[in-house]
Structure formats: C-alpha cells, structure tokens
Amino acid sequence: MSETEQVRPEVVAAIVTALQETDPSNLPADATRAEKDAAKDTYLSGMVAERAQRDRQTRAWELLLTRSHQEEPPSWSQLFDELPEASLAELGELYDALPEGAQAEYARRYGAPASA
C-alpha cells in the first residue's frame, strides 16, 4: 500500500461527522477515494445498526402494550402483569431495546438475560 492509499482514521472520522451533521464545511480537502469509501461504509453501517435497533425497540413496545389503556398510563409492573407467557422469551431477546423502566421490571421479575 502506498502512502496515498493509506486510510487515515481521523480523516474517515471527520468525513463521517460531516455526513452525520450534514455540514460539508468540515470535509477534509485532501481525503483520498479510499478514505471517502471507508467513511461511506462506516456511515451506512451506523444507519443500518440504528434502524435495526429502532425496529427492535418497536417490537419490544408491541409486546409490552398488549391492550389499550383508557385510564391512567399503566406502571411497568402492570404492563408485565398483563404479558402473555409467550412474550417473555422474546422480551428477553429484546432486553437491550427495552426502555430503562421495562429493563428494571424484567430484571426484577426474571433476572437480567445473560446477553445483557
């Protein structure tokens, strides 16, 4: 690899930041094609990971909210009392995507999953 083909992490990071902030003013003028490609890969990987986490959070809420609550919003304890037994295993798999209060209630009742 020649000197011009080396990917400088600080340049890649600067390009990713510029993409995230949609601010081209901070783009490094001397970025190589390899650095631009690495930054694009990093940026897109981050977007896919964020999307996957949002999908997991949505699924966790779908499992938690088993019915409509007309009166006051339910407590975490009430939501867990209403859960069908079949939802528990999947909620354990989605533990990292649960809101903090739901994580605490899950851990109180069933222990934190080993993957957490």
Side-chain angles (χ1 to χ4, degrees):
M1 198 179 250
S2 72
E3 188 105 7
T4 58
E5 293 175 339
Q6 288 184 338
V7 175
R8 299 168 291 176
E10 67 277 4
V11 172
V12 172
I15 295 170
V16 169
T17 299
L19 289 169
Q20 290 170 333
E21 295 174 355
T22 61
D23 182 7
S25 66
N26 293 327
L27 284 171
D30 63 342
T32 65
R33 171 57 40 208
E35 290 165 337
K36 291 175 185 176
D37 289 344
K40 181 176 73 172
D41 289 346
T42 300
Y43 177 73
L44 293 176
S45 294
M47 286 181 61
V48 169
E50 288 173 10
R51 174 60 193 250
Q53 184 66 4
R54 281 193 308 273
D55 291 346
R56 291 171 52 77
Q57 289 169 336
T58 298
R59 181 61 185 145
W61 277 110
E62 288 170 353
L63 292 169
L64 288 169
L65 299 175
T66 58
R67 68 176 182 89
S68 168
H69 294 88
Q70 301 298 328
E71 63 282 353
E72 293 182 30
S75 67
W76 290 117
S77 180
Q78 288 171 314
L79 287 177
F80 273 82
D81 288 344
E82 298 169 359
L83 286 176
E85 191 72 28
S87 298
L88 294 177
E90 190 173 357
L91 273 178
E93 293 170 10
L94 296 169
Y95 184 82
D96 66 307
L98 292 174
E100 187 176 321
Q103 283 182 346
E105 185 64 23
Y106 186 97
R108 185 182 72 74
R109 289 176 182 238
Y110 314 108
S115 61

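Just so we're clear, the structure is a prediction, and the values are computed from it rather than from any experiment.
Atom-to-atom distance recorded for L91:CG and Q103:CD is 11.0 Å, nearest 0.5 angstrom. Residue L98 holds its CG atom at 11.5 Å from CD of E100, rounded to the nearest 0.5 Å.
For E90 (side chain) and L63 (main-chain N/O), no donor-acceptor pair under 3.5 Å exists by modelled atom type. Within the 3.5 Å criterion, the main-chain N or O of A13 finds a donor-acceptor partner in the side chain of T17. Remark: the backbone N or O of T32 is paired with a side-chain donor or acceptor of E35 at under 3.5 angstrom. For Q78 (side chain) and S75 (main-chain N/O), a donor-acceptor pair under 3.5 Å exists by modelled atom type.
Heavy atoms only, all atoms of each residue included: V7 and A38 are closest at CG1-CB, 4.2 Å. Smallest separation of non-hydrogen atoms from L79 and P74: CD2-CG, 3.6 Å. Considering every non-hydrogen atom in both W76 and G101, the closest pair reads NE1-CA, 3.3 Å. Across R108 and S77, no two heavy atoms sit closer than the pair NH2-OG, 4.3 Å. When all heavy atoms of A102 and L64 are compared, the closest pair comes out as CB-CD1, 4.0 Å. Here the closest non-hydrogen pair linking A14 and P28 is CB-CG, 3.8 Å.
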Derivation and outcome, side chain to side chain contact (heavy atoms under 4.5 Å, CB included), residues R8 and D30:
CA-CA 11 Å; R8 299 168 291 176; D30 63 342; 3.1 Å; yes

Check the pair K40 / I15 against side chain to side chain contact (heavy atoms under 4.5 Å, CB included), numbers first and verdict last.
CA-CA 8 Å; K40 181 176 73 172; I15 295 170; over 6 Å; no

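The hydrophobic cluster containing M47 does not contain V16, counting ILVMFWY residues as joined when their side-chain heavy atoms lie under 4.5 angstrom apart, directly or transitively. By the criterion of side-chain heavy atoms lying less than 4.5 angstrom apart, applied directly or through intervening Ile, Leu, Val, Met, Phe, Trp or Tyr residues, V11 is grouped together with L27 in one hydrophobic cluster. Cluster membership for L65 and L94, using ILVMFWY side-chain heavy atoms within less than 4.5 angstrom, is shared.
E10 CD: more than 12 foreign heavy atoms inside a 6.0 Å radius.
Between Y106 and F80, the ring-plane angle classifies as perpendicular under the 30° and 60° cut-offs.
For the pair K36 and D41, the salt-bridge criterion is not met [side-chain N within less than 4.0 Å of a carboxylate O]. We find that R59 and D55 are not joined by a salt bridge, their nearest charged nitrogen and carboxylate oxygen being 4.0 Å or further apart. A salt bridge does not link E93 with R56: every distance from a Lys NZ or Arg NE/NH1/NH2 to an Asp or Glu carboxylate oxygen is 4.0 Å or more.
With a 4.5 Å cut-off on side-chain heavy atoms, Q53 and D96 count as touching.
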